[in-house]
Colleague: 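My questions will all concern the structure given below.
Letters A, B, ... mirror the listed sequences (proteins, then strands); counts begin at 1. Note that these values count all heavy atoms, side chains included, but never hydrogens, waters or copies made by symmetry. A quick note: this is a predicted structure, and the numbers were derived from the prediction, not measured.
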Amino acid sequence: MTSAAGAVLPRGLAALRRVITAEVEDINRMIYHTLLAGTLACVVLLLAALAFFAASGTAIPTQVVDVPDLVRGLDRLTPAGVLSIGLLLLILTPMARVALSVGYFVRERDRTYALVTLIVLGNLLVGLALGIA
Amino acid sequence: MAGPEVLAALAGVSFLAGLAGSFLGVGGGIFLVPFLTLVLRVEPQVAVATSLVGVIATSSGAASVYVRDRITNLRLGMLLEIATTTGAILGALVAIYLDPRVLFLLFGFASVYAAAYMVRTRETAKDRAARAAPAPEVPDRFRLSSMYLDPEDRALYRYRVQRPLAGFAASAAAGGVSGLLGVGGGFVKVPVMHVLMRVPMKAAVATSNLMIGVTAAASAFIYYSRGFLDPGLAAMTILGVLGGTVAGTRLMLRTKPNRIRLVFASFLLLIGALMALRAFGVGVIP
């Protein structure tokens, strides 16, 4: 079988997937795992907190717990704290993806993309600093 | 705090936003914000904060699937993220000096133009493959050329990214506008990659989905720190959106690129209309 791209290709989706995985072996695996882990951890924490509020009949708080308060109170976690940590995990996942990409490209000695991802990370931090200030 | 029926409605709308967002490569904030402000009567800043976590959920949920399946052009996404994040910072800084009505009109016009382009020119399989043009305008120093497997017609498409410099500049402008208007900007990123840089539609959608999470995350963190996030609303939005992305990514992978283009064109016309309305003082979007 010949595709429109002109390459001779194996039949079947599974075989094609192996071709594309071998060819486009980049940092896909690491990014996939980072995004998946961050999202799943967020979902587990949100569901646990919501289940508690539903079971105990208490109202869901309307305010998030401040980051400094969260850090100080990690030893005695409340359902409200778990809910806030779940939200923070989701928010921090894309930034973690960028930070981990920097490390990946540095290890791979890919100077161009180590610099590219570093600039993106720097921009994110500048944006955060400006926004919080 | 909102009652259970309100939360259920929010989860349902979020599901649809996640579905549409992952199918089109946009965040879905354009659906969430009007629902929150007009139907649930939530304060605008709380609505934007809620919508931002919805955008992140769309991005992470959809991008994880597209990255796993190698549809996303990671290098292109990361390179353009420089432009969009720089633009967003500058846009936020100069926001006070500009008349937003001019911007709304400008982007309304650009949306309609991109929509017309997508309706007029079909993307053929040959097109998608022929984008592996032999002579690039600038040397492919950034190794942006890539290939992807389209599960819909079971074919591999190898493509070259055209006009990287123009695409970079347009992405910076797009980032500036998202900083100015406080939107994720997927509706700009997809046309920039697809129409200007000649990236195949599915790869453009997947790459945009990856990119929107980063800018939304920085803004969302700021809203979190300022206490604008309502945990109950945010949690329901996230859960609904993630469910939507499971459906939306499957649908996108199985749909013919031209269908996605037509849906995207309709979406752009809707955006164009909303922007024009906003320019003349009818605010559905903030």
Side-chain angles (χ1 to χ4, degrees), chain A residues 3-7 9 11-13 16-17 19-21 23-24 26-29 31-32 35-36 38-39 42-43 46-47 49-50 53 59-64 66-67 80 83-84 86-88 90-95 97-98 101 112-113 116-117 119-120 123-124 126-128 130-132, chain B residues 1 52-53 56-57 59-61 63-64 67-70 72 74-75 78-79 81-82 85-86 88-89 92-93 125-126 128-130 132 141-143 146-149 151 154-158 210 213-222 224-227 229-232 234-235 238-239 242:
Chain A
S3 82
L9 294 170
R11 285 172 197 281
L13 210 51
L16 284 174
R17 279 198 201 286
V19 171
I20 201 91
T21 306
E23 181 100 8
V24 192
D26 219 337
I27 50 173
N28 299 60
R29 200 180 302 261
I31 291 184
Y32 165 60
L35 295 179
L36 193 67
T39 313
C42 159
V43 168
L46 293 186
L47 287 178
L50 289 180
F53 288 117
I60 305 172
T62 53
Q63 286 287 315
V64 288
D66 275 346
V67 178
L83 193 58
S84 288
L87 297 176
L88 273 176
L90 183 93
I91 295 173
L92 293 177
T93 298
M95 302 194 217
R97 186 264 292 175
V98 176
S101 304
T112 310
Y113 276 90
V116 164
T117 44
I119 296 173
V120 176
N123 276 349
L124 282 178
V126 168
L128 285 182
L130 285 175
I132 292 169
Chain B
M1 183 59 224
L52 280 170
V53 292
I56 301 170
S59 172
S60 291
S64 62
V67 168
R68 183 197 64 201
D69 287 356
R70 267 72 172 173
T72 311
L74 285 174
R75 284 171 196 271
M78 288 168 179
L79 190 64
E81 274 168 5
I82 294 185
T85 52
T86 308
I89 292 172
L93 289 177
K126 211 174 138 194
R128 283 191 273 166
R141 183 193 311 159
F142 291 100
R143 282 171 291 142
S146 190
M147 67 193 284
Y148 74 104
L149 166 63
R154 301 186 168 208
L156 287 176
Y157 293 100
R158 197 182 286 277
L210 178 83
V214 167
T215 30
S219 311
F221 190 79
I222 292 164
Y224 183 105
S225 306
R226 293 186 178 172
L229 209 52
D230 180 313
I238 292 168
L239 296 174
L242 287 176

Colleague: Which residue out of Leu242(B), Leu149(B), Ile56(B) racks up the most heavy-atom pairs below 4.5 Å with chain A?
Modeller: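 Highest number of heavy-atom pairs under 4.5 Å: Leu149(B).
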Colleague: By a 4.5 Å heavy-atom criterion (distance strictly below it), what part of Arg97(A) contacts chain B: side chain, backbone, both, or neither?
Modeller: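 Contact with chain B is through the side chain of Arg97(A) alone.
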Colleague: When heavy-atom pairs shorter than 4.5 Å are enumerated against chain B, which of Thr112(A), Val116(A), Val64(A) gives the highest number?
Modeller: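 Going by pairs under 4.5 Å, I would pick Val64(A).
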Colleague: Relative to chain A, which segment of Ile82(B) carries a heavy atom at a distance below 4.5 Å: side chain, backbone, both, or neither?
Modeller: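 Looking at Ile82(B), backbone and side chain both touch chain A.
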Colleague: Counting only non-hydrogen atoms closer than 4.5 Å, does Ile91(A) touch chain B with its backbone (N, CA, C, O), its side chain (CB onward), both, or neither?
Modeller: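 Interface part for Ile91(A): both.
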Colleague: Do Tyr113(A) and Ser101(A) come within less than 4.5 Å of each other through their side chains, counting heavy atoms only?
Modeller: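 Answer no - side chains too far apart.
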Colleague: Select, from Ile222(B), Val53(B), Leu239(B), the one with the greatest count of heavy-atom pairs under 4.5 Å involving chain A.
Modeller: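 That would be Ile222(B).
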Colleague: Please determine, among Leu50(A), Ile119(A), Leu92(A), Leu90(A), the option with the most heavy-atom pairs under 4.5 Å with chain B.
Modeller: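 Option with the top pair count is Leu90(A).
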Colleague: With rounding to the nearest 0.5 angstrom, report the CG to OG1 distance, Leu88(A) to Thr93(A).
Modeller: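 These two atoms lie 10.0 Å from each other.
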Colleague: Which atoms of Leu46(A) come close to chain B, meaning under 4.5 Å heavy atom to heavy atom: side chain ones, backbone ones, both, or neither?
Modeller: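 For Leu46(A), the contact with chain B is made by the side chain alone.
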Colleague: Taking all non-hydrogen atoms of both residues, which atom of Leu36(A) and which atom of Ser64(B) are closest, and how far apart?
Modeller: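 So the minimum-distance heavy-atom pair works out to N-CB, 4.4 Å.
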Colleague: What part of Leu79(B) gets closer than 4.5 Å to chain A, counting heavy atoms only: side chain, backbone, both or neither?
Modeller: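 Both backbone and side chain.
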Colleague: What are the two closest heavy atoms between Leu128(A) and Ala218(B), and how far apart are they?
Modeller: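 Smallest interatomic distance, heavy atoms only, reads CD2-O, 3.5 Å.
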Colleague: Measure Leu229(B) against the heavy atoms of chain A and call it side chain, backbone, both or neither at under 4.5 Å.
Modeller: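 Contact with chain A: backbone and side chain both.
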Colleague: Measure across Pro94(A) and Ser60(B) and return the closest heavy-atom pair with its distance rounded to 0.1 Å.
Modeller: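 Closest approach of Pro94(A) to Ser60(B), heavy atoms only: CG-OG, 4.3 Å.
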Colleague: For the residue pair Arg75(B) and Phe142(B), would you count it as a cation-pi contact if the rule is NZ or CZ under 6.0 angstrom from the ring centre and within 45 degrees of the ring axis?
Modeller: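 No cation-pi geometry.
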Colleague: Where does Ile238(B) contact chain A at under 4.5 Å (heavy atoms): side chain, backbone, both or neither?
Modeller: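 Side chain of Ile238(B) only, per the 4.5 Å heavy-atom cut-off to chain A.
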Colleague: With rounding to the nearest 0.5 angstrom, report the CG to CD1 distance, Leu74(B) to Ile31(A).
Modeller: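 One finds 4.5 Å between CG of Leu74(B) and CD1 of Ile31(A).
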Colleague: Would you check if Asn28(A) and Thr72(B) make a side-chain contact, meaning some heavy-atom pair closer than 4.5 Å?
Modeller: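 No, their side chains stay 4.5 Å or more apart.
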